[in-house]
Every structure is written in structure tokens, then in C-alpha cells.
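First the structure, in the form of C-alpha cells, and then the observations on it.
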Amino acid sequence: MPKLVLIDGSSYLYRAFHALPPLTNSAGEPTGALFGVVNMLRATLAERPDCAVFVVDAPGKTFRDDLYPEYKANRSALPDDLRAQVQPMCDIVQALGFPLLRIAGVEADDVIGTLALEAAREGTEVTISTGDKDFAQLLQPFDDGGSIRLVNTMSGSVLDTDEAVIAKFGVRANQIVDMLALMGDAIDNVKGVDKCGPKTAAKWLAEYGTLDGVIENAEKIGGKIGENLRTALPRLPLNRELVTIKTDVPLDQPAKSMTLRDRDVDTLRTLYARYGFNAALRDLDGTPAPGATERKVSMRGTEAGWARTGAASAEAPDPRLGEKGEYETVTTREQLDAWIAKLQAADAFAFDVETDSLDAHTANLVGVSLATQAHAGCYIPFGHDYPGAPAQLKREDVLDALRPLFTDASKKKIGQHGKYDLHVLRTHGVAVRGYAEDTMLESFVFNAGASRHDMDSLAKRYLGYDTVRYEDVAGKGAKQIPFSHVSLEDATRYAAEDADVTLRLHAVLRPKIAAEPSLDAVYRDIEMPLVPVLERIESNGVLVDVAELRRQSADLGKRMLDAQQLATNLAGRTFSLDSPKQVGQLLFEELKLPVQVKTSTGQPSVNEEALEALADLHELPKVILEYRGLAKLRSTYTDKLPEMVNPSTGRVHTSYHQAGAATGRLASSDPNLQNIPIRTDDGRRIRRAFVAPEGRRIVACDYSQIELRIMAHLSEDPNLLRAFTSGDDIHRATAAEVFGRTIEEVTNNERRAAKAINFGLMYGMSAFGLAKQLGIGRGEAQDYIALYFSRYPGVRDFMERTRQEARERGFVETVFGRRLHLENIQARNQGLRAGAERAAINAPMQGTAADIVKRAMIEIDRWLAGLGGRALMILQVHDELVFEVEEAFVEELVAGAKDRMAAAAELRVPLVVDAGQGLNWDEAH
DNA sequence: AGCTGCCCGTAC
DNA sequence: GACGTACGGGCAGCTA
């Protein structure tokens, strides 16, 4: 049977561009994507197909743009570095002997679809080589009498049976189009049904067979998602048209004429030399093309691609970033010594530790993985214990052997979320120095707006690579086993891959950051130095008075019981005060109280605002509020915190997430110590349980109005700058300015209004929001805002400037150059866009404050490091740093910490720091 | 029993 | 729809 290979050139070029580091030849021309594509083509040639065609998109509009003007509207223009590689690629493709097709008015997909069907009809075996899943709609399984299959040489996957399609997509090949129409396609800007992903689409199609079936039965689908479906109904037929690959494009030549020509050796030699493809060049001169004989490979399986050609030259960096690596399990002294030698010879290495627990503070090391070059790595197990487990090296021997490398500051270490690894190694007697690069932080600095910065997501995003997930080897939920019970084979493919992929990610991300001096500075001067500081703070922990919390729990419990009994009497029946649903039924259906507030989904709300509004009509709402306040304190804090105390230290060790908040703030969890109550007396009591041990004190230092000061700095508004320089209470000064009073004349109510305006502005609040906040009319609120802006015109200009900058550049910056990209700033949806604008206004202030606090933490840590533990930094709460200090050192600590915090930035207004001290955190305020 | 979305509430 | 950034508890519905 004749064979035809259809190559989706555009998809490979695009994916190779994003997967590979930005290589250039000696003349500085970009070559990375080209290199990837060329290797892929040489592998395809090794298959000796009868016919093959390389299809690329032609520039200009296609019929889909006419159908739907927004088609691909949010796809950015081809990067210059990629565009520059298109013509050279076409030259090489043709010199290699491939027919090249570029048809205007349709996409490469449609040309491939047309040729595939034509050839299949004529009995040719068709292989579509593409990285695009949408092609699954064309599949005609061989075992079903058809003859079209798909291969993806980047992931190494083959799709050639109906079962494989069902396993991958949950629907049959002939339902793929309907599925895509329901899901939409974010890349092409085809908007599907909101919240409908592959699972939901497959579920509906399994029930109703086709898209038309789903449309006919749309009324039967319940819930929020059913509503979303009905909203989307009108655009579904168009979606189907957009995602359907055309199979009837008029073409000049039949598929069977697309035979491979002989390669043009002279032209290839010139091109390869120009772009520095040395391995390919060597093949031209004598040696047979790789794969032609000794590496004969089949089209089935991972071998099909550029993957196993062995074509990578020593001169060019390894291009196969999205490939699986080969890993070694180190169980003998000889192997270990060989790896030590490898690490000694390398400039830098990546590492990862494996433990028997996710909690860094109690975890035991069970193995270490290492990598010095991409696609290779090792796992050194020493704590795996299961029936039949092979003999392993001793933990202490391994750590002793590695210690000189890990503690050598000049030997650079690369990790992913290395704070965890640093901590575990330290608790096992290895104090790491020279922790130089962290791929999680690279990703965070490069694009803080991305939702996830974990390794699996980064590998997918930047390498197009599916990593072995933890649950793949250790299971999940109730079936999860500790890593120490995972077999050495599974452990190696998981753990060594972590080190390997870390290295590959660094190769991709480092240049992206290095290209922007301001990002590089944020990464080098703030985020990387902060890693060991946070590790120390977490490890210090804070002493908690568990007995005090238990007393509070008991007290809260009694009062909850009283409130519950009162509520039962008032309602005339029992109900769950914890259930918003039951409370809503009781208040609005049984007691027929008026609905004055609704939730975002349109349901009657029973939140605090709603219950306050009903307080004059019935006694019950107030009692429910009382109960709720008590229940919140008990369940979230007084009951929970004692569970989180580390039994061996008696202290609570939170985790700080350095890539947690897009603005650059830290986030805290397990437990979250950044939302311990302070505003009410009951809540504030909880802070009395955060105590200092005998002979020591808690000291809290916090920046006064740091974000408003940053607003003054950024806006350069003379009135606001003056207000901060004068040293008056800022809200009072604002009230005096806005309401035309002297400082002394300002009433408490006027100060309250000014405070609400000050804060509201920083969050991009509207007149509507201010009115709600202050309980005044919207018109009055608008007057306040107008008055404010007339007194502080610089602030208004700053806000407008920021919005505009965000729209034009797609991101905003802090004073120190940290960027926040705003995905939705150009959205057509007004709600989304308005939200992005508010975030744009807030981010420079919140983010600059975060930068300043981080800089202060680094300086203070450096200072405290030499003091032998007389003072420990133990908490960070955004604008506050908390210390545990020897009694005799308190005064010095306060002075030193305040100085360093105030000096962490030079703004147009002074940075003021307040400090307090006491036996517990409450007293320290 | 575990997962997920929703509602609600705490901090700065 | 209307105020930015987080984390987390309890409920309710779904899934296995």
C-alpha cells in the first residue's frame, strides 16, 4: 500500500519555537524553531514514505475570518524571531525534497484535511503528523477499514484507533467536532459554553449523540451549566463551522503526485552551514542519514519523531526539550562516585529531594535526584522500604558524599520551589549554599498572572511536556502510599525527571528573564535572596499557647450553644445555622422577610450585609450573625491552630507561598497566619495565644499607610505628598482637604468618609461602591469623589495613566520593575475588562509595598544572621514583620528593624514604621 | 469517601 | 456589575 505523510508545518514550527531555547547562529539569526523542525523532517525521511507534503499557513485572512471577525483575535502577532525563521524553513524543506504547500484563504489544516481524505479514498495509508489535537476529527481507524492516523512527534503519541480517541477525548472521532464546538477554543478565540470542558461535553454527547441532539435537549440540562448552555446556543452552529476542518479545498495537484524529490545536497550544505546545524551537515557528507539503516524505526510509538534520531550535534544546545529522558537509579558506591564526578565537572546542577511526607517540617528524606544535562538524570534512593526492595546506599553515606557540593556556594544549584528542598536538607544536616536558580520563581517573575507555577504546569506550558505526576507513582486519596513505598523504578522515572525537567525549564525561562533588565533585577535582587529568608522564618515558627486556645474554644462553644437555642426559639424549629441554604429558606420562605441582597448567582443572600439589613424586622438575623461570628472564630482559629502545632517544637510553622499572589505579595497557608483576627475584641483575643517563651518578647513592626504613601509617590500629587510630609493623620488630613476644614475641625464622620475614599481609590472603587460602604446615596458619593479629585488632581491623572499603560502594554509595573500582566485588559466583556482595570490600578501599589517589605526582610535577615538567635523573624503579614526577641535585645531590635524597614525604598515621602512589644502578639500592637 | 463549586468571612 | 490580593471552613451535589 502506498504511504502518504502530511506534515502540519505551522503547528510544529510554532511548538518548536516555544519549546526550545532561543538559539541563534553565529550571525545572530534566530534558529531554534528551525532546528527543531529540521530534525523532525530528517526523522520523517528516515521512514521512507512514498509521498509526503509539508503544509504551512499562508499569510492573510481565511474564510474563517469572514465567518467570524473575532477569529483568532486574541492571538498575538507572530513574534519577529519566529517570523524570521519561516522563509529559511521553507527553503530547507524544499531542498530536502519535500513538496511544500501554502494555500491562501484557508488554513494549513484544511489543506491537510482535503489531501488526507482524497488519498484515503484512493487506498493510500495516510499519516498526519501534527501537534494539534483538533485533527482527531479526521481519524479513520485502520482496524475499522479506514486509513488515516495521527502522530505527534513532539509528545510521541499515536492516535490510530477509536478506542484511543475515546480514551483521550471521551468521545468517538466523529463526535470531535461537536465536542470542540461545545468547548470552544481559547487559542482561536472560539467561545464555547461557559464552564464546559471536555468532560461535560463528552457527557452531553454520550447522552444526546450529536451537537444537534444537545441543542434540541438544552432545556433538560439543569444547574448553572445548563443556563450557560442555553446562553451559548445561538453561537454553537457557527462554532461547529469554525472548528470543522475543510476537506474540499480546490487543489491543483492530486495527493499522489506529491512524491519526494531527491534532496539538493549543495543547497542543503549552504543552508545547514549558515544556520550552524553541524550534525546535519556531517550527514550530508558521507555518513548515511540517521535512522536510515541502523536506527530503522516504525511509525508506531515514540520513535516516529525527531526524538530518537540521534541527530543532536555537540555544538548546538540540545533541542529536544519536550522529550522523555533516560534516567539512572543509583544504588552502588561506584555509581554514586561517578555522579559526584559529574557534578564536580559541571558548572551547575539541578536537584530535587523526595520525602515520605508533604509537610516539610516532619518529612524524612528518602532519596535525592540530580541532573547536569537535559534528558539525563539520576535518582539516589536510600529510604525505600517495601517488600522486595533492592539494597540501597545508606542515607548518611549519600549525604556525606553530596554535602561538599551542596554547601559549596560557588557550585550553582537549580531547583523548582527549592525552599522545600532546602528545608528538608537542612533538617537532615545539609545547609545548602549557592542556591542560585529557581524555576518556579523564574516563571512567577516572567508572568505572575499565570495561575500556576508548579512543575507539571510549567513543563506543559514551556516544554509541551507531560511529566510523570506524583499520583501516577504514589496514587492519591485513600490509596496514596508514602514515597518510601514506591518501587525504585517508578520512583526513578518520577524523581529523576523532576531534576531533569527543572534543568530544561531553566534553559527556557532564564533567557526570557535575562532579556528584561527590570525583571532580572526583581528575580536576582529580591526573589532569589528571599528564598533562604522565608525558609528560616518558617522553620523558626511561632510559639502557641495551646491551653489558652482551648479555653477560648470552650468559651466560644458555650456562647454558640446559647445563640443556637435562642435561634431555635425564635424560628420555632431547629435548623442548621451553618447552612446558608437552610437560613435562606427559613428567613425568606417561611418568615417571608424581604430579599434585599442577592449573591453573584442571583440567589437571596444571607451574608452579613443582608442579615444586617433585616435586623430591624426580626430578631433572628442578629442572632444568626452572633452565632456565625463565634463559629468562624472557633472552627477556623481556636479549634484549628492547636492541631497545627508541631509536637516536637510546640510551635506553629506556616508555609509562605512566594509565587502565591500575582501582585508579588506572599500568601500563607497551613495554617494561614496572615488572617488572624484583629478587628473585634473576640477575634483579637486569639492573638494572645501567639506568645514569646520565657525571657523573650514579641515585637511587631508595621509600615504606616504604606500603600497610600506609594500612591503619593507614584502620583506625585503635591497635596498628597504634603499630607505625608507633614506627619498628620492621613485620613484626617484628607478630610480637612476635601471638606474644607482645619485639621482640628474634622469630625469623626468626615474622617471615616475620607478613609473610605482613600482605601476605595486604591482598589479602583466606584461611586456605587463608596455609597454602599458609607451608607449614603450614590449622588453624594459621586460628589465626594469629585471633590477628592479636585483637591488631588495628580491622583486622578495617575489612575488614568495606569489604565492606559495597562491597555497599551498589557501589563503594569511596580517601582522596582515587577510586572503584572493583565489577561483581560482588552476583553470585549465589560465586566472582565473593568475587573482588569481595577487590578491594574491596585497592582502597582500593592506590588510595590510587597517589594519593599521583601527587601526589608532580606536586609533584616542578613543582620540577624550574625546575632546567634538573640532575635528571630517569625511572621510576615504584608506590611508587618513580627519578631521573637531576647528581653535585653528588644530595644536594639526595634531600632534596627525600623531603620532597615524605613530604608528599604527611597520614595518621595518618608516611610514610617510603628513598633510595639509585649508577651504576646496582641500586646505587641 | 473524595472532589468541586458556592457562600461566607478573616486579614492587609 | 459595582473594592484589590489572598486562604479556608461548611454545605451541598456529584462521582466512585
Side-chain angles (χ1 to χ4, degrees), chain A residues 195 199-200 203 222-225 448 476-480 576-584 597-611 624-625 628-637 639-640 644 654-657 659-680 682-684 686-687 702-703 705-707 756-773 778 781 812 820 822 829-847 849-850 853 875-880:
Chain A
K195 292 267 147 46
K199 298 281 188 243
T200 308
K203 192 174 79 183
K224 180 83 189 143
I225 193 132
K476 61 170 184 171
K479 292 193 193 99
Q480 190 172 80
S576 167
L577 282 80
D578 293 316
S579 163
K581 194 177 154 185
Q582 290 186 34
V583 169
V597 186
K598 293 189 171 180
T599 69
S600 56
T601 54
Q603 299 304 305
S605 176
V606 290
N607 67 9
E608 182 175 0
E609 184 196 350
L611 297 190
I624 296 171
L625 281 176
R628 242 191 226 163
L630 301 169
K632 170 83 177 175
L633 293 177
R634 197 169 83 140
S635 65
T636 311
Y637 303 107
D639 277 359
K640 203 71 196 176
M644 308 296 286
T654 184
S655 289
Y656 287 107
H657 305 285
T663 53
R665 270 194 185 177
L666 300 177
S668 155
S669 70
D670 308 294
N672 180 356
L673 296 185
Q674 291 181 323
N675 72 345
I676 304 298
I678 192 168
R679 291 172 192 181
T680 66
D682 275 332
R684 199 181 173 118
I686 293 167
R687 295 189 172 223
D702 68 295
Y703 284 105
Q705 308 295 355
I706 188 167
E707 293 190 15
I757 297 175
N758 276 333
F759 280 111
L761 281 172
M762 289 192 300
Y763 300 146
M765 188 166 69
S766 62
F768 177 93
L770 183 65
K772 204 162 87 170
Q773 173 82 27
R778 201 168 149 179
V812 291
L820 174 60
L822 297 145
N829 177 321
Q830 215 173 49
L832 286 179
R833 196 175 60 239
E837 286 180 1
R838 290 193 296 273
I841 286 176
N842 179 255
M845 294 179 267
Q846 191 180 120
V853 180
L875 293 172
Q876 190 256 41
V877 193
H878 308 308
D879 65 356
E880 172 184 4

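Here is how names work: the chains are called A, B, and so on, in the same order as the sequence lines, proteins then strands, and each is numbered from 1.
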Applying side-chain contact (heavy atoms from CB on, under 4.5 Å), name anything that partners [X], two or more places apart in sequence or on another chain.
{"X": "A:K581", "answer": "A:S579, A:Q585"}
{"X": "A:N672", "answer": "A:S668, A:Q674, A:N675"}
{"X": "A:P604", "answer": "A:F588, A:V595"}

Mind listing the side-chain donor-acceptor pairs of residues 763-773 of chain A below 3.5 Å, one per line with the distance, residues two or more places apart or on another chain?
from	atom 1	to	atom 2	distance (Å)
A:S766	OG	A:F768	N	3.4
A:S766	OG	A:G769	N	3.3

Heavy-atom protein contacts under 4.0 Å, nucleotides 8-16 of chain C, coded B base, S sugar-phosphate only, - none
BSSSSS---
Does A:R679 put a side-chain nitrogen or oxygen below 4.0 Å from OP1 or OP2 of B:dG9?
no
Reported CZ-to-CG distance for the pair A:R628 and A:N607, which is rounded to 0.5 angstrom:
7.5 Å
Expressed as a whole number of angstroms, how long is the span from A:I706:CD1 to B:dA11:P?
20 Å
For A:M765 and C:dT5, give me the distance from atom CE to atom P, rounded to whole Å.
15 Å
For A:Y656, enumerate each residue passing the ring pair (Phe, Tyr, Trp, His ring centres under 6.0 Å) test, keeping only those at least two apart in sequence or located in another chain.
none
Under 4.0 Å between any heavy atoms, over every strand shown, what does [X] touch: base, sugar-phosphate, or nothing? Just pick one.
{"X": "A:A662", "value": "sugar-phosphate"}
{"X": "A:F759", "value": "nothing"}
{"X": "A:E608", "value": "sugar-phosphate"}

Give me the stems containing DNA chain B, sorted by first residue, counting only three or more consecutive Watson-Crick or G-U pairs with both distances under 3.5 Å; say none if there aren't any.
B:1-12 with C:4-15
According to salt bridge (Lys or Arg N to Asp or Glu O under 4.0 Å), does anything in residues 761-771 of chain A pair up with another residue at least two apart or in another chain? List the pairs.
none
Tell me which of A:Y763 and A:H657 sits closer to the 5' end of DNA chain C, going by the nucleotide each one is nearest to.
A:Y763
Residues passing the side-chain hydrogen bond (donor to acceptor under 3.5 Å, both in side chains) test with A:D639, sequence neighbours excluded, are A:S553
